[in-house]
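The block underneath contains the structure these notes are about, expressed in structure tokens.
We name chains A, B, ... by the order of the sequence lines, and we start the count at 1 in each one.
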2 protein chains.
Amino acid sequence: MNPNDARASRSRRALLDASLELLLQKPTASLSEVAAHAGVGRATLYRHFDTRDKLVCAITLDSLGAIQSVVQPILDEELSAEATLTRIIGAIVPLANQYHFLLSLWNIGADDPQVMEIYNQQLASLFELVERGKSEGWIKPSLNSRWIVTTIDSLIYSAWWMLGQGEMTEDEVTTHILDTLFSGITKK
Amino acid sequence: MNPNDARASRSRRALLDASLELLLQKPTASLSEVAAHAGVGRATLYRHFDTRDKLVCAITLDSLGAIQSVVQPILDEELSAEATLTRIIGAIVPLANQYHFLLSLWNIGADDPQVMEIYNQQLASLFELVERGKSEGWIKPSLNSRWIVTTIDSLIYSAWWMLGQGEMTEDEVTTHILDTLFSGITKK
DNA sequence: CCGCTATGAGACACACTTGTACCATAGCAG
DNA sequence: CTGCTATGGTACAAGTGTGTCTCATAGCGG
């Protein structure tokens with residue numbers, strides 16, 4: 001498949017986007033449904049992705065790349081842990097779909113080594129950021145760092161859910177995540 | 001199927017427990033796998049649950065019942081919102097499996113009216129509790145109550161995840177949930 | 001103990017999904 | 001414009017899950 005051919009790259013993009021959206025709310029969707037949802041023929045799907053696993057793997061890498069490309073520049077600015085985490089969360093909320101897809105991935109079972117390497121790497125940099133927040137005296141040292149990382153993921157899941165419900169806007173969920181994560185739900 | 005027959009109720013219980021455990025980590029598991037995991041024949045599964053949907057529905061009702069039976073007594077004590085929520089979370093953590101199954105339910109699509117009624121009812125009582133927390137001057141009125149309810153769910157998901165990883169004990173995750181939820185991850 | 005009932009094992013038809021192959025056609029690139 | 005290539009539609013084979021049925025047997029309740 002020549003990536004310079006406009007038709008091919010258009011199909012590939014449509015398939016990746018449609019798969020993400022559809023498999024997110026219906027993980028058992030058949031490839032016929034996926035193809036239909038992308039507006040391409042089923043045969044075309046198979047021309048781009050040999051098997052179902054390859055497709056899922058491609059979506060994952062695509063999502064990881066999208067997140068990496070917004071997170072990395074923020075990390076490179078080398079600001080305080082607080083400023084960095086604040087910006088990262090603000091940047092990831094618009095990618096809540098992609099992020100949630102990755103979270104639900106352990107469920108499917110990611111055996112692809114390349115995926116796991118990038119995934120673990122991203123997890124590690126978040127872990128590192130939390131540790132830095134502790135050493136900067138910003139984050140409670142009493143809380144397990146892995147717990148905090150997991151909690152950040154969960155809050156983004158909450159954001160994804162609320163956005164999907166149409167209950168809140170992106171800006172609202174972003175401030176809610178930050179407020180809840182940093183100072184909790186109680187007054188004072 | 002006579003519920004007074006020890007064989008039947010034993011099979012039913014084994015099927016419900018095994019299904020919860022297996023479908024949680026592999027939602028696409030076949031009914032053959034489920035039956036094998038429960039240690040009963042596939043035919044027996046079908047004798048107890050006509051279709052796959054009926055089985056999922058039964059697990060859901062079973063889990064809802066288990067949660068209801070620990071939550072209701074706490075609500076009946078009519079303590080402060082803070083004390084009530086603290087106790088509820090402590091009581092639900094041991095049922096994290098059941099709770100998580102329910103959370104992943106919207107994904108499958110719960111079209112059963114009975115399930116949705118009980119589910120919405122439980123969600124409503126949690127919402128009410130949060131509202132009460134606000135009027136008692138305990139919870140920030142600036143936060144969307146539905147957001148808080150969703151966040152509580154997410155934190156229990158975090159707890160389920162950490163427990164599954166073997167990273168923390170039940171007691172640890174309980175205090176972590178309360179600490180994080182009530183006062184956030186930052187110092188002071 | 002005895003009768004009844006739930007169970008296990010297997011066979012079976014049916015529907016669906018997957019992955020492959022083929023062919024005519026529409027659309028891109030040069 | 002022309003040749004090449006991606007596409008859509010379809011047909012096909014193999015595998016799998018689903019739900020039903022039957023029959024001999026093990027185990028419960030009375």
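Not a single donor-acceptor pair under 3.5 Å links the side chain of A/Gln98 to the backbone N or O of A/Ala66. Counting only distance, with no hydrogens or angles, the side chain of A/Lys134 and the backbone of A/Leu143 share a donor-acceptor pair below 3.5 Å. Distance alone, capped at 3.5 Å, places no donor-acceptor pair between the A/His37 side chain and the A/Glu33 backbone. A side-chain donor-acceptor contact under 3.5 Å links A/Lys140 to the backbone of B/Gly184.
Comparing B/Arg52 and B/Asp5 against DNA chain D, the residue whose closest nucleotide sits nearer the 5' end is B/Arg52. Residue whose closest nucleotide on DNA chain C sits further toward the 5' end, between B/Arg12 and A/Tyr46: B/Arg12.
Near DNA chain C, meaning a heavy atom under 4.0 Å from it, residues 35-42 of chain A has A/Arg42 in order of number.
What separates CZ of B/Arg47 from P of D/dT22 is a distance of 12 Å, to the nearest Å. Atom CE of A/Met1 is separated from atom C1' of D/dC4 by 13 Å (rounded to the nearest Å). As rounded to whole Å, 14 Å separates atom P of D/dG9 from atom CG of A/Leu45. Distance A/Leu15 CG to D/dA6 P: 14 Å, rounded to the nearest Å. Look at CG on A/Leu31: it is 17 Å from C1' on D/dG8, rounded to the nearest Å. In this entry the distance linking CG of B/Asn4 with C1' of D/dG30 reads 13 Å, nearest Å.
Connection of B/Met116 to B/Leu61 is established within a shared hydrophobic cluster, with ILVMFWY side chains joined at heavy-atom distances below 4.5 Å, either directly or through further cluster members.
Side-chain contact, A/Thr180 with B/Trp147: a donor N or O sits under 3.5 Å from an acceptor N or O. Remark: the A/Ser11 side chain and the A/Thr44 side chain contain no N/O donor-acceptor pair separated by less than 3.5 Å. Side chain to side chain, A/Asp171 and A/Thr175 fail the donor-acceptor criterion of an N or O pair below 3.5 Å.
For B/Arg7, the side-chain atoms get nearest to D/dA26 when compared with the rest of D/dA26, D/dG19, D/dA6. When distances are taken from the side chain of A/Ala43 to each of D/dA6, D/dT10, D/dC21, the shortest belongs to D/dT10.
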Assess whether salt bridge (Lys or Arg N to Asp or Glu O under 4.0 Å) is satisfied between A/Asp62 and A/Arg13, documenting all intermediate values. CA-CA 10 Å; A/Asp62 192 61; A/Arg13 192 68 255 153; 2.8 Å; yes
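For DNA chain C, the span of nucleotides reached by chain B at under 4.0 Å from its heavy atoms goes, 5' to 3', from C/dT5 to C/dA11.
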